[in-house]
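Structure, as structure tokens:
Quantities reported herein were computed from a predicted structural model and do not represent experimental measurements.
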Amino acid sequence: MNPLTTLVAKAGAAILSVNRDRMTISGKADGSPVTEADLASDRIIADGLARLRPDIPLLSEERVHPAAPTYAGSFFVIDPLDGTREFIAGRDEFTVNLAIVTDGVPLLGIVGAPALGSIWRGLVGHGAQRLAVTVDGDVGAAAPITTRPYPRHGAWIAAVSRSHGDSRSDAFIDGRPGAVRRPLGSAVKFCRIAEGGADIYPRLAPTCEWDVAAGHALVVAAGGKVTDGSGAPLRFGQSHEGFLVPEFIAWGDPSAAP
């Protein structure tokens, strides 16, 4: 866990060193943007993982073209810069996501938010933590975090995407009268669930495995649960074309899930 945390911190420091006003921005085949910060982070993580565990395959958003499901055993799932649109817009809610998936299940997740000075990490069955990180990538002491029980006599706090709204997720939240929406960018939404700052994070529209895997492991390690819209578990590295996750809901309190 510690060497992987250090790697996420170094990738975050590389992102912060990029001048957003002068950086190169290009478009990918799906129309989403990619910047030199995405690519710098990807290189640092890929090189680091090749040294640490060259025996474990790597799936990264920036290296997806040579990859194809299914993955057996264990593999790394990386989003070198989750929330590129937030980053380009000058906001601080972007993250570096690193997960280990084994037999289709995310078991380890690390989410670094370098501009927020934080790293969240979790290992399923062993708990979750939040750590401070400097702009230079120096990591501080770890403090334990947990999800919170769902509010039986108060308003649900729903983490929602700042940049990617969808009608099904809105309807899901509307089904909880009085729910308060907290717009956030990137995988920071999973982190707020994991540390008890929000109760639910529904995304009932397609996204990709590298957007979800690290946050999935983090939330589960912190005591929560992540399911599809019907309450069934998610599977990663299996048969979905393009490594899509059709839908998911992150629950702070597992007893609130179907």
Side-chain angles (χ1 to χ4, degrees), residues 30-33 61 77 79 82-89 91 93-95 97 99 104-106 109 111 113 120 146-236 238-258:
D30 63 0
S32 61
E61 179 179 11
V77 184
D79 192 338
D82 183 26
T84 299
R85 286 185 173 86
E86 307 293 329
F87 180 72
I88 293 171
R91 291 189 282 266
E93 292 167 350
F94 56 87
T95 60
N97 304 343
V105 180
V111 178
W120 297 262
T146 61
T147 62
R148 71 177 191 175
Y150 77 90
R152 298 177 185 273
H153 303 291
W156 290 70
I157 297 177
V160 298
S161 175
R162 191 187 300 280
S163 304
H164 303 282
D166 68 275
S167 58
R168 290 187 64 214
S169 297
D170 283 340
F172 174 86
I173 296 169
D174 289 342
R176 284 152 178 79
V180 177
R181 288 170 168 82
R182 292 280 171 84
L184 295 163
S186 71
V188 169
K189 295 183 285 295
F190 287 107
C191 302
R192 297 300 184 223
I193 298 287
E195 64 185 9
D199 301 296
I200 48 173
Y201 167 26
R203 175 66 186 264
L204 300 177
T207 186
C208 294
E209 294 190 8
W210 43 81
D211 299 312
V212 180
H216 184 300
L218 174 66
V219 166
V220 174
K225 187 174 185 179
V226 183
T227 70
D228 68 11
S230 301
L234 305 182
R235 302 287 292 177
F236 291 75
Q238 305 295 303
S239 59
H240 291 297
E241 182 178 355
F243 299 97
L244 287 178
V245 177
E247 60 181 21
F248 71 84
I249 303 170
W251 309 81
D253 186 340
S255 69

| task | Assign the ring pair Phe94 / Phe87 to parallel, tilted or perpendicular, where the plane angle (0 to 90°) is split at 30° and 60°. | result | perpendicular

| message | With heavy-atom distances below 4.5 Å as the criterion, would you say the side chains of Trp251 and Pro258 are in contact? | response | yes

| Can you tell me if Arg91 uses its side chain to pair, donor with acceptor, with the backbone of Gly83 under 3.5 Å? | no

| said: Donor-acceptor check, side chain of Ser169 to backbone of Leu204, threshold 3.5 angstrom: yes or no? | reply: yes

| task | Answer yes or no: are there more than 12 heavy-atom neighbours, outside Arg182 itself, under 6.0 Å from its atom CZ? | result | no

| field | Arg148: which of Ile193, Ile157, Asp253 passes side-chain contact (heavy atoms from CB on, under 4.5 Å) | value | Ile157

| What closest approach, in Å, do Ser186 and Glu93 show between heavy atoms, and which atom pair accounts for it? | OG-O, 3.1 Å

| request: Identify the two heavy atoms, one from Ala155 and one from Gly178, that lie closest to each other, and give their separation to 0.1 Å. | output: CB-O, 3.2 Å

| query | Rounded to the nearest 0.5 Å, what separation is found between the SG atom of Cys208 and the CG atom of Leu244? | reply | 5.0 Å

| request: Tell me, with the steps shown, if Asp170 and Arg181 meet side chain to side chain contact (heavy atoms under 4.5 Å, CB included). | output: CA-CA 10 Å; Asp170 283 340; Arg181 288 170 168 82; 3.9 Å; yes

| Is it the case that Arg168 places NZ or CZ above or below the six-membered ring of Phe172, under 6.0 angstrom from the centre and within 45 degrees of the axis? | no

| query | Looking only at heavy atoms, which two atoms of Ala217 and Gly109 are closest? And how far apart? | reply | CB-N, 3.5 Å

| 4.5 Å side-chain heavy-atom contact, Asp199 and Pro151 | yes

| Under 3.5 Å: donor-acceptor pair, side chain of Glu86, backbone of Gly185 | no

| With side chains defined as the heavy atoms from C-beta onward, is the minimum distance between Ile200 and Trp156 less than 4.5 Å? | yes

| Asp82 side chain to Ala187 main-chain N or O, any donor-acceptor pair under 3.5 Å? | yes

| query | Which heavy atom of Ala222 sits nearest a heavy atom of Ala194, and at what distance? | reply | CB-O, 3.4 Å

| Output field: ring centroids His216/Phe236 closer than 6.0 Å | yes

| query | Under the 3.5 angstrom rule, does the side chain of Thr207 hit a backbone N or O of Val245 as a donor-acceptor pair? | reply | no

| task | Inspect the contact between Asp228 and Arg235 and indicate whether a charged nitrogen and a carboxylate oxygen are less than 4.0 angstrom apart. | result | no

| request: Measure across Thr147 and Gly252 and return the closest heavy-atom pair with its distance rounded to 0.1 Å. | output: OG1-O, 2.7 Å

| field | Heavy-atom closest pair, residues Val219 and Phe190 | value | CG2-O, 3.6 Å

| said: Measuring from atom CD of Glu61 to atom CH2 of Trp210, what distance do you get when rounded to the nearest 0.5 angstrom? | reply: 6.0 Å

| message | Any non-hydrogen side-chain atom of Val212 less than 4.5 Å from a side-chain atom of Arg203? | response | no

